[in-house]
Amino acid sequence: MQIGNHILKNNLVVAPMAGVTDRPFRQLCKKMGAGLAVSEMVTSNSLLYGSEKTKRRANHEGEVNPISVQIAGADPKMMAEAARHNVDNGAQIIDINMGCPAKKICNVMAGSALLKDEPLVAQILRAVIAAVDVPVTLKIRTGWDKQNRNAIQIARMAEDLGVQALAMHGRTRACAYMGDAEYDTIAAVKQVIKIPLIANGDITTPEKAKFVLDYTGADAVMIGRAAQGRPWIFREIEHYLTTGTHLLAPTVDEIHTVMLEHLHDLYDFYGDLTGMRMARKHISWYTKGLAGSAQFRHNMNTLQTIELQLQAINDFFVELKTKNERLVYIDPDAEDAKTDSSEALAA
């Protein structure tokens with residue numbers, strides 16, 4: 001898979017997710033097999049360039065190449081300025097967000113709201129491509145709603161204007177994350193463009209990744225929510241696509257180590273207090289579905305220091321290893337329900 005002059009090690013991409021794909025998570029996913037990780041979106045509002053959040057999002061120190069940064073906004077001049085700013089700060093690929101369905105993004109006519117205004121889409125693409133000398137990529141949805149699917153028109157326009165790869169989430173803006181992804185629309189788009197197409201939406205297993213690649217003809221797949229708490233999904237998919245067989249589940253010891261290294265990266269990146277709070281959601285994702293994790297996750301949110309957080313994790317994994325050398329997942333909803341029932345009886 002190639003984007004501009006960047007040759008990726010495989011065709012597995014980490015989706016940009018606000019509050020998730022920070023530098024520690026991107027580095028971890030690349031280490032665990034992803035060929036590319038796109039940053040969480042960075043504002044195009046230059047007034048915010050000096051904010052701590054924006055500076056953190058522009059921090060790529062030690063990150064494995066290529067570095068892809070997603071920018072969001074609706075003003076062509078501001079988007080061009082944002083592209084230049086991020087290239088000056090290390091971005092090697094600029095990705096334009098026209099796929100986010102969040103209301104706070106769409107209410108300012110950014111993200112997937114832009115799909116309603118094709119002339120503005122063209123203006124933004126022209127401005128950003130002219131502003132930088134690195135590859136520009138685009139992420140879209142299938143359209144605004146089910147009555148207004150214009151992905152084919154947008155894809156053709158993007159290719160004609162010089163976009164070098166297109167990522168596509170198989171839902172409309174109105175669908176948000178509900179219902180099933182529309183792989184037929186992704187397949188239709190693949191038929192009309194020559195640039196690489198990256199399929200996104202509901203790809204949660206190695207089998208599903210292979211199905212989507214085969215069904216749509218896409219050049220790559222983009223994994224988002226399925227990588228939360230399971231960054232090793234990328235090596236599992238790569239192994240399955242290469243061999244047709246499954247890797248064994250990771251050992252408890254390995255994931256204990258992976259998790260601790262990730263948390264220490266978060267503490268270093270955000271500082272102790274914010275890092276500890278950011279760690280909570282990752283700890284929850286790592287452990288959801290593991291035996292005894294519902295009570296563990298509930299207690300984790302009450303711990304107020306890094307030391308207590310790390311001790312609880314160590315205790316949990318020591319106990320987990322007494323049950324099995326490798327990770328064994330159970331129905332997380334059943335586990336949560338069992339814990340809720342026990343708490344109700346205790347009350």
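We number each residue from 1, following the sequence as shown.
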Visitor: Under 30°, 30 to 60°, or over 60°: which ring-plane class applies to Phe211 and Tyr183, parallel, tilted or perpendicular?
Guide: perpendicular
Visitor: Going from CZ on Arg84 to CG on Asn89, what distance comes out if it is rounded to the nearest 0.5 angstrom?
Guide: 13.5 Å
Visitor: With a 3.5 Å cut-off and no angle check, do the side chains of Glu118 and Asn150 form a donor-acceptor pair?
Guide: yes
Visitor: Apply side-chain contact (heavy atoms from CB on, under 4.5 Å) to Trp285 and Arg230, showing your working.
Guide: CA-CA 8 Å; Trp285 291 330; Arg230 191 180 161 187; over 6 Å; no
Visitor: Just how far is it from atom CZ of Phe25 to atom NE2 of His282, taken to the nearest 0.5 Å?
Guide: 6.5 Å
Visitor: Tell me, do Leu260 and Phe317 make a side-chain contact under 4.5 Å, heavy atoms counted?
Guide: no
Visitor: What verdict does the side-chain contact (heavy atoms from CB on, under 4.5 Å) test give for Val189 and Ile140, after you've listed the backbone C-alpha separation in whole Å, the side-chain angles of each residue and the deciding distance to 0.1 Å?
Guide: CA-CA 11 Å; Val189 168; Ile140 65 171; 5.9 Å; no
Visitor: Look at the side chain of Lys9 and the backbone N and O of Lys30, then say whether any donor-acceptor pair between them is shorter than 3.5 Å.
Guide: yes
Visitor: Is the backbone N or O of Thr287 less than 3.5 Å from a side-chain atom of Ser293, with the two atoms forming a donor-acceptor pair by type?
Guide: yes
Visitor: Under 4.5 Å between side-chain heavy atoms, hopping through other hydrophobics if needed: is there a path connecting Val132 to Ile93?
Guide: no
Visitor: In terms of side-chain geometry, is the basic nitrogen of Arg23 or Asp265 positioned less than 4.0 Å from the acidic oxygen of its partner?
Guide: no
Visitor: Can you find a heavy atom in the side chain of Val221 that is under 4.5 Å from one in the side chain of Asn11?
Guide: no
Visitor: Ile313 and Met300: side-chain contact (heavy atoms from CB on, under 4.5 Å), yes or no, with the steps?
Guide: CA-CA 9 Å; Ile313 290 164; Met300 180 57 62; 4.0 Å; yes
Visitor: Taking the inter-plane angle between the rings of His169 and Tyr177 on a 0 to 90° scale, is it parallel (under 30°), tilted (30 to 60°) or perpendicular (over 60°)?
Guide: perpendicular
Visitor: How long is the straight-line distance from NE2 of His239 back to CG of Leu247, given to the nearest 0.5 Å?
Guide: 4.5 Å
Visitor: Could you tell me whether Arg156 and Asp160 have a side-chain N and a carboxylate O separated by less than 4.0 Å?
Guide: no
Visitor: Any sub-3.5 Å donor-acceptor pair from Thr257's side-chain atoms to Asp253's backbone N or O?
Guide: yes
Visitor: Atom OH of residue position Tyr329 - does it have more than 12 heavy atoms of other residues, nucleotides or ligands inside 6.0 Å?
Guide: yes
Visitor: Within the structure provided, determine whether Val64 and Lys31 are in side-chain contact (heavy-atom separation under 4.5 Å).
Guide: no
Visitor: Can you confirm whether more than 12 heavy atoms, excluding those of Lys323, are under 6.0 Å from its NZ atom?
Guide: yes
Visitor: Is it the case that one hydrophobic cluster holds both Ile3 and Met168, taking links as side-chain heavy atoms less than 4.5 Å apart, direct or via other members?
Guide: no
Visitor: Between Arg280 and Leu303, is there a donor-acceptor pair closer than 3.5 Å when you use the side chain of the first and the backbone of the second?
Guide: yes
Visitor: Would you indicate whether Asp180, at its atom CG, is surrounded by more than 12 heavy atoms from other residues, nucleotides or ligands within a distance under 6.0 Å?
Guide: no
Visitor: How long is the gap from OG1 on Thr243 to CD on Glu238, to the nearest 0.5 Å?
Guide: 10.0 Å
Visitor: According to a hydrophobic-cluster definition based on side-chain heavy atoms being under 4.5 Å apart (Ile, Leu, Val, Met, Phe, Trp, Tyr only), do Val14 and Leu166 belong together?
Guide: yes
Visitor: Can you give me the closest heavy-atom contact between Met79 and Gly73, atom names plus distance?
Guide: SD-N, 3.3 Å
Visitor: Please examine the side chains of Phe316 and Asn299, heavy atoms only from C-beta on, and report whether any two atoms are closer than 4.5 Å.
Guide: no
Visitor: Look at the side chain of Thr172 and the backbone N and O of Thr142, then say whether any donor-acceptor pair between them is shorter than 3.5 Å.
Guide: no
Visitor: Identify the heavy atoms of Ile306 and Met276 that sit nearest to each other, and give their distance.
Guide: N-SD, 3.9 Å
Visitor: Is there a path of hydrophobic side-chain contacts, each under 4.5 Å between heavy atoms, that joins Tyr240 and Ile237?
Guide: no
Visitor: List the atom of Gln70, the atom of Ile96, and the distance in Å for their closest heavy-atom pair.
Guide: CG-C, 4.4 Å
Visitor: How many angstroms lie between SG in Cys29 and CD1 in Ile223, if you round to the nearest 0.5 Å?
Guide: 10.0 Å
Visitor: How close do Leu161 and Ile129 get, counting heavy atoms only, and between which atoms?
Guide: O-CD1, 3.3 Å
Visitor: Taking the basic N atoms (NZ, or NE/NH1/NH2) and the acidic carboxylate oxygens, is any pair closer than 4.0 Å for Glu182 and Arg149?
Guide: yes
Visitor: Kindly indicate, with the supporting measurements, whether the criterion side-chain contact (heavy atoms from CB on, under 4.5 Å) is fulfilled by Lys208 and Asp202.
Guide: CA-CA 8 Å; Lys208 191 65 174 287; Asp202 295 352; 3.8 Å; yes
Visitor: Identify the two heavy atoms, one from Pro196 and one from Met1, that lie closest to each other, and give their separation to 0.1 Å.
Guide: CB-CE, 3.7 Å
Visitor: Do the non-hydrogen side-chain atoms of Ile233 and Glu236 ever get within less than 4.5 Å of each other?
Guide: yes
Visitor: Checking Gln27 side chain against Gly62 main chain: does a donor-acceptor pair fall under 3.5 Å?
Guide: yes
Visitor: Taking atom CD1 of Ile283 and atom CE of Met259, what is their separation to the nearest 0.5 Å?
Guide: 4.5 Å
Visitor: Can you confirm whether Thr137 sits close enough to Ile198 that some side-chain heavy atom of one is under 4.5 Å from a side-chain heavy atom of the other?
Guide: no
Visitor: Using modelled atom types only, decide if a donor and an acceptor are shared between the side chain of Gln92 and the backbone of Ile67 within a distance under 3.5 Å.
Guide: yes
Visitor: Any Lys/Arg nitrogen of Asp95 or Lys139 sitting under 4.0 Å from an Asp/Glu carboxylate oxygen of the other?
Guide: no
Visitor: Would you check if Tyr286 and Pro231 make a side-chain contact, meaning some heavy-atom pair closer than 4.5 Å?
Guide: yes
Visitor: Transitively linked via ILVMFWY side-chain contacts under 4.5 Å: Leu8 with Met32?
Guide: no
Visitor: Could you tell me which non-hydrogen atom of Pro135 sits nearest to which non-hydrogen atom of Gly4, and how far apart they are?
Guide: CG-CA, 3.8 Å
Visitor: Would you check if Asp22 and Arg56 make a side-chain contact, meaning some heavy-atom pair closer than 4.5 Å?
Guide: no
Visitor: Look only at the side chain of Ser68 and the backbone of Ala37, and say whether a donor-acceptor pair between them is shorter than 3.5 Å.
Guide: no
